[in-house]
Amino acid sequence: MEQSSMTQKYFQTIKDHHMDLIFTTDKSGQVLMINSSCSKVLDKSEKEMAGKSCLSIFPPHQKEAIWSVIKSIAEGKVEKAEIETEITAHTGESMSYCFQLIFLDMGNGFEEILFIGRNITEQLMLEEKLKRCSLFDEKTEMPNRKNIENVISNRINQTKNTNKNFSFLFIQIGRIKLINDALGHPSGDQALVRMAKRIEAVLPQQSFIGRFSTNIFFVLLEGIISRPKIENLCSDILAVIQKPMRFQKQEFYMSGAIGISEYPNDGMDTETLLKNAGIALRYAKADTHDSIIFHSDEMNIELEKRIDLERSLRKGIENNEFFLVYQPIIHSTTGEIKICEALLRWVHPKWGLIPPLEFIPIAEETGMIHSLGKWILNAACKQVKEWQEAGFKNIGASVNVSAYQLDSTRFIENVKRALELSGLEAKFLHLELTESVMIDKSKKTVSMMRELKGMGVKISIDDFGTGYSSLSYLKHLPIHALKIDRSFIQNLNQQSPELSIVHAILTMGHGLGLRVVAEGIETNDQLAMLTSLGCDFVQGYLIEKPLEARHFTQWLEKKQKASNL
């Protein structure tokens, strides 16, 4: 009797002080007891609830399902169950609860069902917030990448057994970094939100827009099939992107590029479609600003080639796939050869002869340009020294230098090492730097140029006339020669505007005490005109195409033999 009294007191303490809603019913669902928490939520006393159906506590649309659970417990089919439901408090506030229903055998044939309800409102809200965070961008509150991928997958499933197709766009916004740097990243995020609204305003109603990555929006287009219509829409999108955007009394101008992928032509699954849209966007950015590019199969082949080239660059050096060709640079009046330009070539085992314009940018991006540049210096210096020892004593080598090489603190060391290993005197090495490189990296470059000049190495400005050098800047550079860009030579004639440009470059160069070289000469008329203008040296297919070392040796021998006649 004493033990029973203690148990009853213990249960009463739990009943009165537990935060969960607790009540019991008989097997027919009639309320027998409720605790104080339950009484407080319902604003009803235990006496008021006693004998009433517990279903009155739950929302009407769930009563049938809850009664089915109670019945299963009462009939002994299950001993316990769990239900999630909404409870409306007397204040009108709706709260979410998870109820545990447990069968109790009290003895002497007395059986009850115990209900214990845990308030999970905050938990569900947190779960919903986490779910939203997983599907929406925190900064802009736009659908994020995961959400976008779900939308595409669902759309593919809906379209699988139909003849319908759809398109989507990758829209990259350029110059957002300018706002980030000037005003901070919150302003940059705000600019993206504004930009999204601008884009959304010109989209068809059934379109879907999301933020795929930092400055790339995704748009799913429904119902637009023809490419001309898509192009017109994309033009409208670019037009709103280009409109000025005001922040803190400042105007900012954005740019855009759009890559387009189409289902099912460009892929049958989400991953492939996204990949191909990304490839198209890459081409759109590389083409020009504010470009619109549709994906094509050729792009995948080119990308495969680029990836393969990138992977093969290092092995190419190790496997002797690279070689140098040499093009003579001769005196315009005497025809005497003073220098030959060393030009890099690559024969890839799979892709064949790769043009330098194709692999040099990859080498620069991957950092392999430093290894390549070092190899070129060593090979060119060694070859020229061999020609000198063979009797062609005054010939020198001209080597192109990348802007990335000038960023390396080891570049000067590499030049010294190439000269040391070959035994070539520094005065026979000419380095060609592009005009824009020297302007962009003035202080560092000029310092390196002065050190090279102090060693005896000669320096020329390549592609002169395509940059923006001023006369006042040029006169301070430690250079020996200017190379007129071939674009001015190709159309050179007595009536062409190029004539005035070439004449001005020659006058400027000679006024600064520099030698001037014209490259890209292909006709006798071009040669005659440049000679009459006083151009010092000429280079081009009219004189000779670039030759491998053994063929260049034969050319030198032939040239020497002719001069001795």
**Prompt:** Which distance, rounded to the nearest 0.5 Å, do you find between the CD1 of Ile479 and the CG of Leu431?
**Reply:** 13.0 Å

**Prompt:** Going by distance alone, is a donor N or O of one side chain under 3.5 Å from an acceptor N or O of the other, for Thr270 and Glu149?
**Reply:** no

**Prompt:** Do Cys381 and Leu421 have side-chain heavy atoms sitting under 4.5 Å apart?
**Reply:** no

**Request:** Could you check if a side-chain atom of Met195 sits within less than 4.5 angstrom of a side-chain atom of Met245, using non-hydrogen atoms only?
**Result:** yes

**Request:** Pick out which of Leu343, Asn414, Leu344 makes a side-chain contact (heavy atoms from CB on, under 4.5 Å) with Ile376.
**Result:** Leu344

**Item:** Side-chain ion pair, Glu231 and Lys229, N-O less than 4.0 Å
**Value:** no

**Request:** Scan side-chain atoms only and decide if Gln405 and Lys374 contain a donor-acceptor pair under the 3.5 Å cut-off.
**Result:** no

**Asked** Taking the side chain as C-beta and beyond, is there a heavy-atom pair between Leu452 and Ile459 under 4.5 Å?
**Response** yes

**Close aromatic pair by centroid cut-off 6.0 Å: Phe170 and Phe212** = yes

**Request:** Mind listing the closest non-hydrogen atom pair of Phe552 and Cys340 along with its distance?
**Result:** CZ-CB, 3.6 Å

**Prompt:** Between the side chains of Asn232 and Ser235, is a donor N or O closer than 3.5 angstrom to an acceptor N or O?
**Reply:** no

**Donor-acceptor contact present, side-chain Gln526 to main-chain Thr523, <3.5 Å** = yes

**Message:** In terms of relative ring orientation, are Phe537 and His331 parallel, tilted or perpendicular, with 30° and 60° separating the classes?
**Reply:** perpendicular

**Request:** Just do the salt bridge (Lys or Arg N to Asp or Glu O under 4.0 Å) check on Glu522 and Arg486 with the steps written out, would you?
**Result:** CA-CA 10 Å; Glu522 298 180 357; Arg486 66 181 65 246; 5.6 Å; no

**Prompt:** Can you find a heavy atom in the side chain of Leu527 that is under 4.5 Å from one in the side chain of Thr531?
**Reply:** yes

**Item:** Residues Ser312 and His348: side-chain donor-acceptor under 3.5 angstrom
**Value:** yes

**Distance-only donor-acceptor check, side chains Tyr283 and Glu302, under 3.5 Å** = yes

**Message:** With heavy-atom distances below 4.5 Å as the criterion, would you say the side chains of Ile176 and Leu192 are in contact?
**Reply:** yes

**Prompt:** Should we count CD of Glu548 as having more than 12 external heavy atoms under 6.0 Å?
**Reply:** yes

**Request:** Hey, could you give me each pair passing side-chain hydrogen bond (donor to acceptor under 3.5 Å, both in side chains) that has a residue in residues 387-396? Not counting sequence neighbours.
**Result:** Trp387-Thr553

**Request:** Using side-chain contact (heavy atoms from CB on, under 4.5 Å) as the criterion, point out the one residue from His185, Arg211, Gln190 that pairs with Lys139.
**Result:** Arg211

**Item:** Check: Thr272 side chain, Asp269 main-chain N or O, donor-acceptor pair, under 3.5 Å
**Value:** no

**Message:** Working note: Arg306 + Glu304, criterion salt bridge (Lys or Arg N to Asp or Glu O under 4.0 Å); need CA distance, chi angles, decisive distance, verdict.
**Reply:** CA-CA 5 Å; Arg306 179 185 170 84; Glu304 178 195 350; over 6 Å; no

**Fill in**
Which of Ile152, Leu169, Ile209 passes side-chain contact (heavy atoms from CB on, under 4.5 Å) with Phe218? Answer is Ile152

**Request:** Determine whether the side chains of Asn276 and Asn300 contain a donor N or O and an acceptor N or O closer than 3.5 Å.
**Result:** yes

**Asked** Looking only at atom types and distance, does a side-chain atom of Asn215 sit under 3.5 Å from a main-chain N or O of Ile173, one as donor and one as acceptor?
**Response** yes

**Polar contact flag, side-chain donor to acceptor under 3.5 angstrom, Gln327-Glu544** = no

**Request:** Decide if atom NZ of Lys315 counts as having more than 12 heavy atoms of other residues, nucleotides or ligands within a radius under 6.0 Å.
**Result:** no

**Asked** Between the side chain of Lys382 and the main-chain N/O of Ala418, is any donor-acceptor distance below 3.5 Å?
**Response** no

**Prompt:** Going by heavy atoms in the side chains, are Pro546 and Arg345 under 4.5 Å from each other?
**Reply:** yes

**Prompt:** Can the ring centres of Tyr404 and His370 be said to be less than 6.0 Å apart?
**Reply:** no

**Request:** Verify side-chain contact (heavy atoms from CB on, under 4.5 Å) between Ile216 and Ile171, making sure each step is shown before the conclusion.
**Result:** CA-CA 5 Å; Ile216 297 178; Ile171 307 169; 6.0 Å; no

**Request:** Mind listing the closest non-hydrogen atom pair of Thr366 and Ala363 along with its distance?
**Result:** OG1-O, 3.3 Å

**Message:** Salt bridge check, Arg311 against Asp308: does any charged N sit closer than 4.0 Å to a carboxylate O?
**Reply:** yes

**Request:** Mind checking the OG-CD spacing from Ser187 to Gln248? Nearest 0.5 Å is all I need.
**Result:** 5.5 Å

**Request:** Using distance alone, with no hydrogens and no angle criterion, decide if Ser402 and Glu364 have a side-chain donor and acceptor under 3.5 Å apart.
**Result:** yes

**Complete:** Rounded to the nearest 0.5 angstrom, the CZ-NZ distance for Phe411 and Lys416 is 12.0 Å

**Asked** Which is it for Ile260 and Phe168 under the side-chain contact (heavy atoms from CB on, under 4.5 Å) test, yes or no, and what are the steps along the way?
**Response** CA-CA 6 Å; Ile260 306 162; Phe168 58 78; over 6 Å; no

**Pairing of Arg410 and Glu413 as salt bridge, 4.0 angstrom limit** = yes

**Fill in**
Value for OG1 (Thr140) from CG (Asp189), rounded to nearest 0.5 Å, stands at 7.5 Å

**Message:** Regarding His510 and Asp536, do their side chains bring together a donor and an acceptor under 3.5 Å, going by distance alone?
**Reply:** yes

**Prompt:** Out of curiosity, Leu429 CG to Met455 CE, how far, rounded to the nearest 0.5 Å?
**Reply:** 8.0 Å

**Closest contact, heavy atoms only, Leu324 versus Ala379** = CD1-CB, 3.7 Å

**Check against side-chain contact (heavy atoms from CB on, under 4.5 Å), Leu183 and Gln250** = CA-CA 10 Å; Leu183 306 176; Gln250 297 183 59; 3.7 Å; yes

**Item:** Closest non-hydrogen atom pair, Ile461 against Thr434
**Value:** CG2-C, 4.4 Å

**Heavy-atom side-chain proximity of Met449 to Leu433 below 4.5 angstrom** = yes

**Item:** Test item: Asn493 and Asp525 side chains (from C-beta on) under 4.5 Å apart, heavy atoms
**Value:** no

**Prompt:** Cation-pi between Arg227 and Phe294: NZ/CZ under 6.0 Å from ring centre and within 45° of the ring axis?
**Reply:** yes

**Request:** List the atom of Ala257, the atom of Leu238, and the distance in Å for their closest heavy-atom pair.
**Result:** N-CD2, 4.2 Å

**Message:** Taking the cut-offs as 6.0 angstrom to the six-membered ring centre and 45 degrees off its axis, would you call Arg194 and Phe247 a cation-pi pair?
**Reply:** yes

**Item:** Ser460 side chain to Leu482 backbone, donor-acceptor under 3.5 Å
**Value:** no

**Asked** Looking at Glu251 and Lys243, does any basic side-chain N land under 4.0 Å from a carboxylate oxygen?
**Response** no

**Request:** Could you go through the side-chain contact (heavy atoms from CB on, under 4.5 Å) check for Met299 and Ile293 one step at a time?
**Result:** CA-CA 11 Å; Met299 292 178 183; Ile293 300 289; 3.1 Å; yes

**Message:** For Gly520 versus Ile489, what's the shortest heavy-atom pair and its separation?
**Reply:** O-CG2, 3.9 Å

**Prompt:** Salt-bridged, Lys305 to Glu298, with N to O below 4.0 Å?
**Reply:** no

